[in-house]
Amino acid sequence: YRTGDIAEGGLRWGKCPSCGRTTPRVGPTLRRVSNVQDIHLTKIRGTLLDLNGLADTLSGHSAIEEWQLVIQKRDDDPFEVDEMILYAAPRKGAHPPHAEAQIQSAFEVKFNRIVWESVEKVSQRLGIEERLKEQRILDRRPKG
């Protein structure tokens with residue numbers, strides 16, 4: 001735990017289902033304040049999208065080992081529509097076509113493409129080895 005961590009659900013005062021103790025416990029879902037400040041709400045194709053929720057869902061998906069979301073304008077034209085491309089590495093034993101249907105149904109805004117790649121390739125995209133912080137969501141749309 002670090003200063004500023006957010007425990008969703010706060011403290012739990014009831015009996016622990018695992019050990020039976022009655023001491024206060026921190027909820028199981030933690031968020032880093034630094035992550036919440038970096039990822040925020042954005043409008044994609046006219047729909048307001050919670051990128052924190054999207055990141056949580058993708059990170060917790062049973063079929064996805066690593067992922068990166070790229071948001072860009074179609075054909076890099078600032079007057080075109082927004083595109084969302086998900087680069088994902090499947091977990092061992094996952095069936096990408098089946099996972100793709102699950103992933104698409106989990107969000108109000110659909111991904112334009114889901115590109116399945118190796119864990120190494122997605123890790124390279126994220127910059128895990130080169131950067132201080134991985135680039136999970138990369139917004140390439142022009143600012144302004």
Side-chain angles (χ1 to χ4, degrees), residues 1-19 24-144:
Y1 303 109
R2 293 192 317 213
T3 303
D5 282 352
I6 301 168
E8 290 183 9
L11 289 177
R12 304 198 180 201
W13 298 92
K15 188 176 179 180
C16 177
S18 299
C19 67
R25 300 178 325 277
V26 175
T29 306
L30 293 177
R31 282 192 184 197
R32 299 263 182 232
V33 169
S34 59
N35 291 348
V36 173
Q37 290 171 348
D38 290 344
I39 301 173
H40 56 278
L41 294 173
T42 190
K43 193 175 257 191
I44 297 176
R45 287 184 242 136
T47 301
L48 197 59
L49 185 63
D50 174 13
L51 295 179
N52 291 324
L54 182 137
D56 289 345
T57 302
L58 290 174
S59 293
H61 198 282
S62 61
I64 297 175
E65 182 73 31
E66 288 288 355
W67 63 273
Q68 182 186 47
L69 176 65
V70 176
I71 304 169
Q72 62 188 23
K73 292 290 190 176
R74 183 181 299 158
D75 300 326
D76 291 325
D77 182 347
F79 300 107
E80 270 290 351
V81 296
D82 296 330
E83 282 187 323
M84 291 193 333
I85 303 166
L86 177 65
Y87 294 94
R91 285 195 196 276
K92 194 171 192 112
H95 187 62
H98 177 67
E100 216 166 292
Q102 288 179 334
I103 293 165
Q104 291 285 22
S105 67
F107 303 104
E108 187 175 342
V109 177
K110 304 295 181 218
F111 298 105
N112 293 80
R113 286 188 318 243
I114 298 178
V115 180
W116 295 96
E117 299 178 330
S118 67
V119 173
E120 294 78 22
K121 179 86 175 188
V122 177
S123 295
Q124 186 179 22
R125 284 180 180 284
L126 292 169
I128 291 176
E129 298 294 323
E130 297 90 31
R131 297 184 187 102
L132 293 174
K133 186 173 179 175
E134 62 211 15
Q135 290 187 326
R136 288 279 172 203
I137 299 176
L138 188 57
D139 193 343
R140 292 185 174 156
R141 296 176 293 180
K143 307 296 182 226

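What you see is a predicted model; the values in this text were computed from it and never measured.
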Enclosure of K15 NZ (heavy-atom neighbours >12, cutoff 6.0 Å): no
Between OG on residue S59 and CD on residue E66, distance to nearest 0.5 Å: 8.5 Å
Taking E83 first and then R141, would you say they form a salt bridge - that is, a charged N and a carboxylate O separated by under 4.0 Å? no
May I have the step-by-step check of side chain to side chain contact (heavy atoms under 4.5 Å, CB included) for W67 and I137, ending in yes or no? CA-CA 9 Å; W67 63 273; I137 299 176; 4.1 Å; yes
E108 side, atom CD; T47 side, atom OG1 - distance, nearest 0.5 Å: 5.0 Å
With sequence neighbours left out, what residues match F111 under ring-ring contact (aromatic ring centres under 6.0 Å, His included)? F107
Hey, does H98 have a side-chain heavy atom less than 4.5 Å from the side chain of Q102? yes
Donor-acceptor check, side chain of R45 to backbone of V81, threshold 3.5 angstrom: yes or no? no
How long is the straight-line distance from CG of L58 back to CD1 of I64, given to the nearest 0.5 Å? 5.0 Å
Shortest non-hydrogen separation from I85 to V115 and the atoms involved: CG2-CG2, 4.1 Å
Inter-residue atom distance T42.OG1 - M84.CE, 0.5 Å rounding: 10.0 Å
Report, as yes or no, whether the 6.0 Å neighbourhood of atom NZ on K121 holds more than 12 heavy atoms from other residues, nucleotides or ligands. no
Who are the side-chain contact (heavy atoms from CB on, under 4.5 Å) partners of R140, not counting sequence neighbours? V70, Q72, L138
Are the side chain of Q68 and the backbone of Q135 linked by a donor-acceptor contact shorter than 3.5 Å? yes
If every non-hydrogen atom of A106 is compared with every non-hydrogen atom of T57, which pair is closest and at what distance? CB-CG2, 4.4 Å
Nearest 0.5 Å, what's the CG-CG distance between N52 and D56? 6.5 Å
Determine whether more than 12 heavy atoms belonging to other residues, nucleotides or ligands lie under 6.0 Å from atom CD of E80. yes
Side-chain heavy-atom pair Q104, L86 within 4.5 angstrom cut-off: no
Decide yes or no for E134 and R125: does some side-chain heavy atom of the first lie under 4.5 Å from some side-chain heavy atom of the second? no
So SG of C19 and CZ of R25: to nearest 0.5 Å the spacing works out to 7.5 Å
Taking the side chain as everything from C-beta on, heavy atoms only, tell me whether L69 gets closer than 4.5 Å to R136. no
Can you give me the closest heavy-atom contact between D82 and K73, atom names plus distance? OD1-NZ, 3.0 Å
Which heavy-atom pair separates P90 from W116 by the least distance, and what is that distance? CD-CE3, 3.6 Å
